[in-house]
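Report on one structure; see the data block that follows.
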Amino acid sequence: MEFNNHDFAIIHCKRIRELDNLIRFVGIANEMGTLLATSYREQLQPLMDEEETRLYVIEAVLGAELREDFQKNMGTLIYSVGKYDKILRSTVPVVSSNGQKFYVLISIDVEADAFNILENKVLRYIKDRKHV
């Protein structure tokens with residue numbers, strides 16, 4: 001999946017967000033933590049403002065990059081999930097066909113079955129478009 005094209009990244013954010021009604025937010029960031037595109041569920045009151053979201057993206061990407069240090073022992077990171085009182089957050093690393101790394105950042109309603117959404121919807125969506 002290529003996300004360097006802004007319009008293409010926005011389309012994928014929207015399509016991933018529409019995979020499940022409990023997905024609140026989808027963002028795509030590059031490996032430097034720069035947010036390239038976002039999609040919010042309609043009529044959603046975000047829990048963070050724009051600056052907080054920017055900082056969250058940097059923190060999520062940095063965390064995922066740091067976890068790569070353990071790949072030789074544990075294998076490749078497929079996704080990570082953090083559960084908070086009000087929200088579930090997930091980071092999914094994606095490597096494009098040209099080797100560039102991106103991160104799909106997803107916020108999900110806290111009552112959702114995040115593993116089902118990630119395993120059976122999000123990862124399937126990404127896998128089906130791996131060579132697009």
Side-chain angles (χ1 to χ4, degrees):
M1 295 180 81
E2 306 298 329
F3 296 123
N4 278 336
N5 179 306
H6 180 70
D7 293 334
F8 197 62
I10 289 173
I11 289 167
H12 284 297
C13 278
K14 185 175 188 281
R15 287 182 181 163
I16 292 169
R17 186 189 42 78
E18 291 173 344
L19 292 173
D20 194 281
N21 291 333
L22 297 176
I23 296 176
R24 299 170 53 90
F25 162 85
V26 176
I28 296 174
N30 65 19
E31 62 188 327
M32 299 301 293
T34 301
L35 198 56
L36 305 174
T38 62
S39 179
Y40 288 88
R41 186 169 64 206
E42 289 184 29
Q43 301 177 3
L44 176 77
Q45 179 62 44
L47 298 174
M48 297 185 291
D49 65 26
E50 196 172 311
E51 179 63 15
E52 291 168 325
T53 299
R54 188 183 69 75
L55 292 173
Y56 146 65
V57 170
I58 292 169
E59 180 271 328
V61 169
L62 179 60
E65 291 281 324
L66 289 172
R67 282 187 284 280
E68 286 187 2
D69 292 344
F70 302 103
Q71 284 190 73
K72 67 179 180 179
N73 299 327
M74 298 187 299
T76 302
L77 174 68
I78 307 301
Y79 61 83
S80 63
V81 176
K83 182 175 182 179
Y84 299 82
D85 290 334
K86 298 179 181 180
I87 200 166
L88 297 160
R89 291 185 353 181
S90 179
T91 304
V92 182
V94 177
V95 178
S96 70
S97 59
N98 68 4
Q100 266 192 298
K101 190 180 301 179
F102 297 93
Y103 292 90
V104 179
L105 308 164
I106 304 169
S107 295
I108 305 170
D109 289 336
V110 74
E111 69 273 9
D113 180 352
F115 293 102
N116 178 50
I117 292 170
L118 291 166
E119 293 280 341
N120 297 316
K121 296 179 181 181
V122 175
L123 293 180
R124 183 173 294 151
Y125 176 89
I126 291 169
K127 181 182 175 208
D128 289 349
R129 286 149 189 85
K130 194 71 168 175
H131 302 289
V132 173

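Each residue takes its place number in the sequence, starting with 1.
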Note: [X]-[Y] ion pair, threshold 4.0 Å (strictly below):
| X | Y | result |
| --- | --- | --- |
| E18 | R15 | no |
| R89 | E59 | yes |
| R41 | D109 | yes |

Nearest heavy-atom pair of [X] and [Y]: which atoms, and what distance?
| X | Y | value |
| --- | --- | --- |
| G33 | V57 | O-CG1, 3.3 Å |
| P93 | L77 | CG-O, 3.4 Å |
| M48 | E52 | CA-OE1, 3.3 Å |
| C13 | A37 | SG-O, 3.5 Å |

[Y] backbone acceptor or donor facing [X] side chain under 3.5 Å:
| X | Y | answer |
| --- | --- | --- |
| R124 | N120 | yes |
| N116 | E119 | no |
| T91 | S80 | no |

Do [X] and [Y] have side chains that approach each other closer than 4.5 Å (heavy atoms only, starting at C-beta)?
| X | Y | result |
| --- | --- | --- |
| L105 | I28 | no |
| P46 | F25 | no |
| V110 | K86 | no |
| V122 | I16 | yes |

Are [Y] and [X] connected into the same hydrophobic cluster when the rule is that any two of I, L, V, M, F, W, Y join if their side-chain heavy atoms are below 4.5 Å apart?
| X | Y | answer |
| --- | --- | --- |
| V81 | V94 | yes |
| I78 | I117 | yes |
| I58 | V104 | no |
| V92 | L66 | no |
| L55 | I106 | no |

Practice task
Classify the side-chain pair R24/S107 by whether it contains a donor and acceptor separated by less than 3.5 Å.
Solution key: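 There is no such pair (donor and acceptor under 3.5 Å, judged by atom type) between the side chains of R24 and S107.
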Handout entry: Residue pair Y103 / E65, side-chain donor-acceptor N/O under 3.5 Å
Key =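 Side chains of Y103 and E65: pair found under 3.5 Å.
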Let me confirm one number: the [atom1]-[atom2] distance from [X] to [Y], rounded to the nearest 0.5 Å.
| X | Y | atom1 | atom2 | value |
| --- | --- | --- | --- | --- |
| Y40 | R17 | OH | CZ | 11.5 Å |
| I108 | D20 | CD1 | CG | 7.5 Å |
| L123 | D128 | CG | CG | 10.5 Å |
| I23 | L88 | CD1 | CG | 11.0 Å |
| F102 | T34 | CZ | OG1 | 11.0 Å |
| L35 | N30 | CG | CG | 9.0 Å |

I'd like to know whether [atom1] of [X] has more than 12 heavy-atom contacts from other residues, nucleotides or ligands below 6.0 angstrom.
| X | atom1 | value |
| --- | --- | --- |
| D49 | CG | yes |
| E50 | CD | no |
| D85 | CG | no |

Exercise for the section: Return the orientation label for the Y79 and F115 ring planes: parallel under 30°, perpendicular over 60°, tilted otherwise. Expected result: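 The rings of Y79 and F115 sit tilted, inter-plane angle from 30° to 60°.
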